[in-house]
Amino acid sequence: NAGVTQTPKFQVLKTGQSMTLQCAQDMNHNSMYWYRQDPGMGLRLIYYSASEGTTDKGEVPNGYNVSRLNKREFSLRLESAAPSQTSVYFCASSDLTMFAAFFGQGTRLTVV
Amino acid sequence: DQQVKQNSPSLSVQEGRISILNCDYTNSMFDYFLWYKKYPAEGPTFLISISSIKDKNEDGRFTVFLNKSAKHLSLHIVPSQPGDSAVYFCAATYGNKLVFGAGTILRVKS
């Protein structure tokens, strides 16, 4: 039972490059989330998807796009990476009847 | 605009004593409040939750208290153990959103 799987675990990008962070869950959850964690800022919500086919902006959506490919997968795309996007990114999923979310192990992204 | 605030960046407690982690919030529409625990290089893991209509929830060594009039919740860990040393995040839900505080680093000394 894998839970929430994120790939890659580490990535270094040059300013202006693009990349997609992948996330998949096997718990049949409806809701999925992308967060970034920065020192002293906690976890800030980038985008979320309440169900397949829907996405909504969170607190810090600028510079990101998302795609809810199907119920299992929710990807986060950086079209033109900037040093301010250096962070640890976490994907999570939840069945809100449980009122708790399960997180992946994170992707450490460095933009130079 | 941070709707969930954890004003103490860190807390140090002796093993066996009580740890009290605090959280304040501004949005009265929050449905549920949750606590997560995070070890380095791992994702956060769910610890305990409380509905906005309750004032206390207990699970083993962990108890969460909610004071709606003060918009304040706290997590009590009794007795504290060295393995409890981690970052603790307070979180809250409204609609389909789940928002987090900045976290408190708990160190339990043996």
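Letters go in sequence order (proteins before strands), and every chain restarts at 1.
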Contact class of B:Ala41 relative to chain A, heavy atoms under 4.5 angstrom: backbone

Per-residue contact mode, A:Leu45 against chain B (heavy atom under 4.5 angstrom): side chain

Region of B:Pro9 that comes under 4.5 Å of a non-hydrogen atom in chain A: neither

With A:Arg77 via side chain to side chain donor-acceptor pair (under 3.5 Å) - residues at least two apart: A:Ser18, A:Thr20, A:Glu79

Donor-acceptor contacts, no H, no angles, side chain residues 49-57 of chain A, under 3.5 Å, sequence neighbours left out:
from: A:Ser49; atom 1: OG; to: A:Ser51; atom 2: O; distance (Å): 2.9
from: A:Ser49; atom 1: OG; to: A:Thr54; atom 2: O; distance (Å): 2.6
from: A:Ser49; atom 1: OG; to: A:Arg68; atom 2: NH1; distance (Å): 2.7
from: A:Ser51; atom 1: OG; to: A:Thr54; atom 2: OG1; distance (Å): 3.4
from: A:Thr54; atom 1: OG1; to: A:Ser51; atom 2: N; distance (Å): 3.2
from: A:Thr54; atom 1: OG1; to: A:Ser51; atom 2: O; distance (Å): 3.0

Max heavy-atom pair count under 4.5 Å with chain A, selected residue of B:Ala91, B:Pro44, B:Gly103, B:Gly43: B:Pro44

Ring geometry between B:Phe100 and B:Tyr36 (parallel below 30°, tilted from 30 to 60°, perpendicular above 60°): tilted

Test item: side-chain donor near acceptor, A:Asp38 and A:Ser87, under 3.5 Å: yes

Side chain, backbone, both or neither of A:Gln6 within contact of chain B (heavy atoms, under 4.5 Å): neither

Polar side chain donor-acceptor pair, B:Asn67 to B:Ser69, under 3.5 angstrom: yes

